[in-house]
Amino acid sequence: MVESIENKILQITVRPSGAELVSVRNKKNDREYLWQGDPQFWARRAPVLFPIVGKANNNQIKAEGQVFDMPQHGLARNSLFSLTSKTENSLTYTLFSNEESLKNYPYQFKFDITYTLEENKVNVSYRIENTDDKKIWFSVGGHPAFNCPLLPGEKFADYYIEFEQEENAERHLLSEGLFNGKTETILDNSKELKLSEELFEKDAIVLKNLKSSKVYLKSKRSDYFLEFSFEGFPYFGIWTKGGGSPFICLEPWYGLADTKDFKGELNQKEGILSLEKGEVFESTFSFRLGDY
């Protein structure tokens, strides 16, 4: 069953399948900000990525000397979480490793996802605990999609992403979901990335080593903006499906897809995280609505 919380400005709704955020509504103007998962373009809305981010070679990982099937972006987005806490301004969902997860990922864990409302801001917090008797390895990340364009009469190309600081940034290119070793300059001492369908003909824009820990989704034709904060996340993805898809994904990641020639174990992947027995990893990203 879906659960909702609200304050004077926002109402958010989460479903237990994948602990996925499915609605972010501005109560003052009755405007929905989150993409609503039209299967004509892309059926998901804000999937959680764990224990990998992106795609693994042959959709398999190697861990503890064995080979395991692993779907793109991992297991969490297709797993059923339990609602373990609900307060006036927060929802917490929990996934424990189980018989099914151990078939694809040989580690025991507890994964909590908490959504918190704070005036016109939504905080998304991850807490991963190693409940195994050995070190575990994992990646985690967010994949929320926002309606773009948001307002009637606007087009996708009316929008741009403004980075907090001027960036000299290269996008790391993908072929069939795997990094091919090629890069292209996408920001040259600039803050502004203009959106267009052509920009995503080579799949997602994947950025490393950004100076910015915030970006702003803005329109040239209105005062609307969305502030997206991802402090601490080492990688950042930007994606839309193409073919006229009216949404944009802003994706903070701890971890990356495989390169085409990667043949190593999970613990050798770029950006992989680890926890010793009993240790906990925590991180938070947030987004704030600018028109309310």
Side-chain angles (χ1 to χ4, degrees), residues 47-77 101 104-107 109 111 124 126-128 130 132 134-144 163 165 167-187 193 200 202-213 215 228-239 249-276 279-285:
V48 176
L49 318 183
F50 173 86
I52 67 168
V53 168
K55 188 176 181 180
N57 251 319
N58 301 314
N59 291 313
Q60 293 179 324
I61 60 169
K62 297 177 184 177
E64 304 299 314
Q66 300 181 64
V67 176
F68 299 88
D69 292 334
M70 179 62 69
Q72 185 169 3
H73 293 317
L75 307 172
R77 64 179 185 163
S101 71
N104 301 93
Y105 178 64
Y107 298 112
F109 62 87
F111 184 15
V124 183
Y126 300 141
R127 183 185 186 277
I128 297 162
N130 178 358
D132 213 315
K134 57 182 177 291
K135 182 184 286 190
I136 70 171
W137 304 86
F138 64 95
S139 291
V140 67
H143 199 312
F163 288 74
Q165 300 187 49
E167 300 282 357
N168 291 297
E170 293 183 324
R171 67 186 296 183
H172 295 259
L173 296 175
L174 296 155
S175 296
E176 298 180 339
L178 302 171
F179 289 106
N180 59 25
K182 299 178 181 179
T183 61
E184 286 182 355
T185 298
I186 198 162
L187 291 169
L193 179 64
F200 298 94
K202 298 178 180 179
D203 207 332
I205 297 167
V206 180
L207 304 172
K208 306 178 184 181
N209 304 314
L210 291 172
K211 293 181 289 183
S212 302
S213 58
V215 297
F228 194 95
S229 302
F230 53 99
E231 186 172 359
F233 287 80
Y235 311 109
F236 191 67
I238 306 167
W239 178 75
C249 292
L250 303 177
E251 307 181 38
W253 298 336
Y254 280 91
L256 292 168
D258 284 350
T259 59
K260 292 179 76 72
D261 58 356
F262 181 75
K263 295 181 173 63
E265 294 227 351
L266 187 64
N267 62 8
Q268 297 173 310
K269 281 171 61 69
E270 180 180 352
I272 201 74
L273 299 172
S274 66
L275 288 172
E276 298 288 350
E279 286 187 336
V280 171
F281 168 85
E282 295 181 293
S283 66
T284 297
F285 68 90

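In this text the structure is predicted, and so the values were computed from the model without any measurement.
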Flag, side chain of H73 to backbone of G54, donor-acceptor distance under 3.5 Å: yes
Spacing of F200 atom CZ and C249 atom SG [to the nearest 0.5 Å]: 9.0 Å
Any side-chain heavy-atom pair of L75 and N104 under 4.5 Å: yes
Within-4.5 Å side-chain heavy-atom neighbours: L256 and V53: no
Gap separating the CG atom of L275 from the CG atom of N130, nearest 0.5 angstrom: 6.0 Å
Residues in side-chain hydrogen bond (donor to acceptor under 3.5 Å, both in side chains) contact with S175, at least two apart in sequence or another chain: N180
Listed partners of K182 passing salt bridge (Lys or Arg N to Asp or Glu O under 4.0 Å), at least two apart: none
Distance-only side-chain donor-acceptor flag, Y107 / E64, under 3.5 Å: yes
Steps toward side chain to side chain contact (heavy atoms under 4.5 Å, CB included) verdict (V215, F236): CA-CA 10 Å; V215 297; F236 191 67; 3.9 Å; yes
Heavy-atom check, side chain of I61 versus side chain of V67, under 4.5 Å: no
Qualifying residues under salt bridge (Lys or Arg N to Asp or Glu O under 4.0 Å), relative to E279, sequence neighbours excluded: none
Which atom of P47 lies closest to which atom of R77, heavy atoms considered: CB-CB, 3.9 Å
R171 side chain near L173 side chain, heavy-atom distance below 4.5 Å: yes
Intermediate values then yes/no, side chain to side chain contact (heavy atoms under 4.5 Å, CB included), F109 and S101: CA-CA 10 Å; F109 62 87; S101 71; 4.3 Å; yes
K134, NZ atom: more than 12 neighbouring heavy atoms under 6.0 Å: yes
Parallel, tilted or perpendicular: rings of F50 and F138 (30°, 60°): tilted
Contacts of W137 that satisfy side-chain hydrogen bond (donor to acceptor under 3.5 Å, both in side chains) - sequence neighbours left out: none
Side chain proximity check, S139 to I272, heavy atoms < 4.5 angstrom: yes
Qualifying side chain to side chain donor-acceptor pair (under 3.5 Å) pairs, either residue in residues 49-62, two or more places apart: Q60-D69
Inter-residue atom distance H172.NE2 - T259.OG1, 0.5 Å rounding: 12.5 Å
Partner of Y254 under ring pair (Phe, Tyr, Trp, His ring centres under 6.0 Å), chosen from F285, F230, F233, Y126: F233
E167 side chain to K211 backbone, donor-acceptor under 3.5 Å: yes
F68 vs L266, side chain to side chain contact (heavy atoms under 4.5 Å, CB included): CA-CA, chis, key distance, verdict: CA-CA 10 Å; F68 299 88; L266 187 64; over 6 Å; no
Euclidean distance, T183 OG1 relative to L207 CG, rounded to 0.5 Å: 11.5 Å
Closest non-hydrogen atom pair between G177 and A257, with its separation: O-CB, 3.5 Å
Stepwise side chain to side chain contact (heavy atoms under 4.5 Å, CB included) check, V206 with L174: CA-CA 9 Å; V206 180; L174 296 155; 4.2 Å; yes
F228 to P144 - nearest heavy-atom pair and separation: CE1-CG, 3.9 Å
Aromatic plane relationship, H143 with W239 - under 30° parallel, 30 to 60° tilted, over 60° perpendicular: perpendicular
Exam field: side chain D132 to backbone I136, donor-acceptor pair closer than 3.5 Å: no
Any donor-acceptor pair under 3.5 Å from S212 side chain to Q165 backbone: yes
Side chains of R127 and V280 in contact at under 4.5 Å (non-hydrogen atoms): yes
From CG (D261) to CG (L178), nearest 0.5 Å: 10.0 Å
Any side-chain heavy-atom pair of F111 and V140 under 4.5 Å: yes
Non-hydrogen side-chain atoms of L210 and F163 separated by less than 4.5 Å: yes
Salt bridge (charged side-chain N to carboxylate O under 4.0 Å, His left out): pairs with one or both residues in residues 263-276, sequence neighbours excluded: K135-E276, K208-E270, D258-K269
